[in-house]
There are 2 protein chains.
Amino acid sequence: MESMEPGTVRPGGRTARVRTAVLQAAGDILAERGYSHLDLADIARRAGVGKTTVYRRWGTVTGLVADLLADMAEQSLPRTETGSLLGDLKANARLVQRTLADSRQGPLFKAVIAAATGEARTAEALRHFYDVRVDEWAPCVQQAIDRGEVPEGTDTHEVIRAVSAPLYYRLLAGGGRIDVAAADRAAEAAATAARAGVFLSEGRPR
Amino acid sequence: MESMEPGTVRPGGRTARVRTAVLQAAGDILAERGYSHLDLADIARRAGVGKTTVYRRWGTVTGLVADLLADMAEQSLPRTETGSLLGDLKANARLVQRTLADSRQGPLFKAVIAAATGEARTAEALRHFYDVRVDEWAPCVQQAIDRGEVPEGTDTHEVIRAVSAPLYYRLLAGGGRIDVAAADRAAEAAATAARAGVFLSEGRPR
DNA sequence: TAGCTAACGGGTCTTGAGTTTCGTTAACAT
DNA sequence: ATGTTAACGAAACTCAAGACCCGTTAGCTA
């Protein structure tokens, strides 16, 4: 049996500090220079940590990004409740909009998505990240169903994804700035479609 | 004044053959192994071309991907016309769905999008690729406006983008298979929202 | 069809990302 | 407090991606 992963036996003090510093530095560099020109040695230098340590703990760039994502998934903001489906979806859309338009977070998300296209482990981490976010917001659609705003049997998760999708499309494929108007439009489109029963889950509902 | 780009003075015969072979090989490898483990030497070997040639003509991986995109943009399929907005949008959605779900094109698009996040030139090529596609399909929304199906002043391009967005979201962020049901739902959502006037361009219409 | 040279391609060299080694530091148990 | 060893970190090493050199092939022109 091979030895355990480093950082699991003595997670206190220094080990935790190193992880924080490296993830911080990785996020900074990812946001500044993007995924492609990313060098673990740079990260180590900026984090004030030995290059060897970064290679030993994370191994590859994608592994590091996966850990960064896991860290980000834990910091999910609580959703706000406004009392109407459109209000809630707009709140969600603006949260996403603010994140993607942010000068640090925007490039970071681009980089992370790019990393996920290459390696299965990172893709899994990214999927989990979005699952957490979508789970957080899906209840607002359920409340709309309970209020009778949206038909029974609607796939609540799909509605939330429909709000984010146009904003991510802009981030990656271009097609306009990611501004508040775009966010509101995405929310309105999703709300309108949901009310019309477009997101009814056919066949067996999950 | 520096010398011209290679391939511009004698574009006939061999030069064209080399370009075709290299782009073909690059697409194959990109689809098989993804953007991250992409090696220009591999491409050269598979294309039956000297490694030096690939480096001289394209320089970097991202430069090659940009050229690949320019090549793909020229092969835009003509749109079909069904006589109704929903029918046209469904046709578009299924075209996108078929492309992204395809075992060669799907990974290729992932790779190309990943490449575009890193370098401005590739991002520009990608944006142009989608502009061509969106321009091709936008008239079907205009026809819907003329028929009175959709309100005057609707941003036709934005409707087309709204159809693709959920499918690309699935490709990159997960959240379900890219099947015909997802395509139809995307088309229905966009059509419903468009009819409700969600995509009216506020302020100055472009 | 002959000459000119753009463009190709085999071979060699360089550089830096990633690995290995081994001595040092500090977390945890007693 | 003190011992054990997990985890860190500086330096030396490896090896392949990518740059360079220069002889060869073949588009283009007259």
Side-chain angles (χ1 to χ4, degrees), chain A residues 1-26 29-30 33-67 111 114-115 118-119 121-122, chain B residues 1-26 29-30 33-67 111 114-115 118-119 121-122:
Chain A
M1 175 174 175
E2 64 191 16
S3 64
M4 299 182 71
E5 291 279 294
T8 56
V9 178
R10 288 180 183 175
R14 182 167 63 168
T15 298
R17 271 199 307 281
V18 165
R19 177 166 185 259
T20 305
V22 169
L23 291 186
Q24 174 74 35
I29 294 181
L30 227 50
R33 297 201 237 291
Y35 174 64
S36 46
H37 341 111
L38 187 55
D39 177 15
L40 292 201
D42 279 345
I43 295 175
R45 200 175 313 119
R46 182 179 301 210
V49 154
K51 182 176 75 159
T52 316
T53 300
V54 179
Y55 278 106
R56 181 169 33 229
R57 291 259 316 256
W58 290 279
T60 66
V61 174
T62 52
L64 177 55
V65 171
D67 195 21
E119 232 212 0
R121 253 183 66 219
T122 314
Chain B
M1 174 175 174
E2 64 190 14
S3 64
M4 299 182 71
E5 291 280 292
T8 54
V9 178
R10 288 181 183 174
R14 181 166 63 167
T15 298
R17 269 198 309 280
V18 165
R19 178 167 184 258
T20 305
V22 169
L23 291 187
Q24 173 74 36
I29 294 181
L30 226 51
R33 296 200 237 291
Y35 174 64
S36 47
H37 344 109
L38 187 55
D39 177 15
L40 293 200
D42 279 345
I43 296 175
R45 198 175 316 119
R46 184 181 299 212
V49 153
K51 184 175 70 157
T52 315
T53 300
V54 179
Y55 279 105
R56 183 172 30 231
R57 292 264 309 259
W58 290 279
T60 67
V61 174
T62 52
L64 177 56
V65 171
D67 195 22
E119 234 212 359
R121 252 182 67 219
T122 314

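These numbers were taken from a predicted model, which means no experiment stands behind them. Below, chains carry the letters A, B, ... as their sequence lines are ordered, and counting in each starts from 1.
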Between [atom2] on [N] and [atom1] on [X], what's the gap in Å once rounded to a whole number?
X: A:Arg14; N: D:dC8; atom1: CZ; atom2: C1'; answer: 5 Å
X: B:Leu40; N: D:dC20; atom1: CG; atom2: P; answer: 15 Å
X: A:Arg33; N: C:dA17; atom1: CZ; atom2: C1'; answer: 16 Å
X: A:Arg19; N: D:dA7; atom1: CZ; atom2: P; answer: 14 Å
X: B:Asp42; N: D:dA17; atom1: CG; atom2: P; answer: 7 Å
X: B:Ile43; N: C:dG9; atom1: CD1; atom2: C1'; answer: 17 Å
X: B:Leu38; N: D:dA17; atom1: CG; atom2: P; answer: 11 Å
X: B:Leu64; N: D:dA17; atom1: CG; atom2: C1'; answer: 15 Å

- Nucleotide nearest A:Thr52 when distance is taken to its side chain, options D:dA11, C:dC8, D:dC21: D:dA11

- Message: Tell me every residue that passes side-chain hydrogen bond (donor to acceptor under 3.5 Å, both in side chains) with B:Asp42, counting only those two or more places apart in sequence or in another chain.
- Response: B:Arg45

- Query: Is A:Arg56 touching bases, backbone alone, or none of the nucleic acid, heavy atoms closer than 4.0 Å?
  - Reply: base

- Pick base, sugar-phosphate or nothing for A:Arg17, based on heavy-atom distances below 4.0 Å to the nucleic acid. sugar-phosphate

- Query: Are A:Thr53 and D:dG9 close enough that a side-chain N or O sits under 4.0 Å from OP1 or OP2?
  - Reply: yes

- Message: Looking at D:dG18, I'd like to know if its phosphate oxygens (OP1 or OP2) sit under 4.0 Å from a side-chain N or O belonging to B:Tyr55.
- Response: yes

- Task: Compute the bend angle of the helix from C:dT1-D:dA30 to C:dT30-D:dA1 from the end axes (five pairs per end), rounded to 10°.
- Result: 50°

- Kindly indicate whether the side chain of B:Lys51 and the base of C:dG10 share any N or O donor-acceptor pair separated by less than 3.5 Å? no

- Message: On the side chain of B:Thr15, is there an atom forming a donor-acceptor pair with the base of C:dA6 - under 3.5 Å, no angle test?
- Response: no

- Item | Set of side-chain contact (heavy atoms from CB on, under 4.5 Å) partners for B:Ala47, sequence neighbours left out | B:Ala21, B:Val22, B:Ala25, B:Val49

- Task: Flag yes if more than 12 heavy atoms outside A:Arg46 fall under 6.0 Å of its CZ atom; otherwise flag no.
- Result: yes

- Kindly give the heavy-atom pair with the smallest separation between A:Arg121 and A:Gly63, and that separation in Å. NH2-CA, 3.7 Å

- Message: On DNA chain C, compare the nucleotides closest to B:Gly48 and A:Gly59; which residue's is nearer the 5' end?
- Response: B:Gly48

Answer whether the closest heavy-atom distance between the side chains of [X] and [Y] falls below 4.5 Å.
X: B:Leu64; Y: B:Arg57; answer: no
X: A:Asp67; Y: A:Arg19; answer: yes
X: B:Ile43; Y: B:Trp58; answer: no

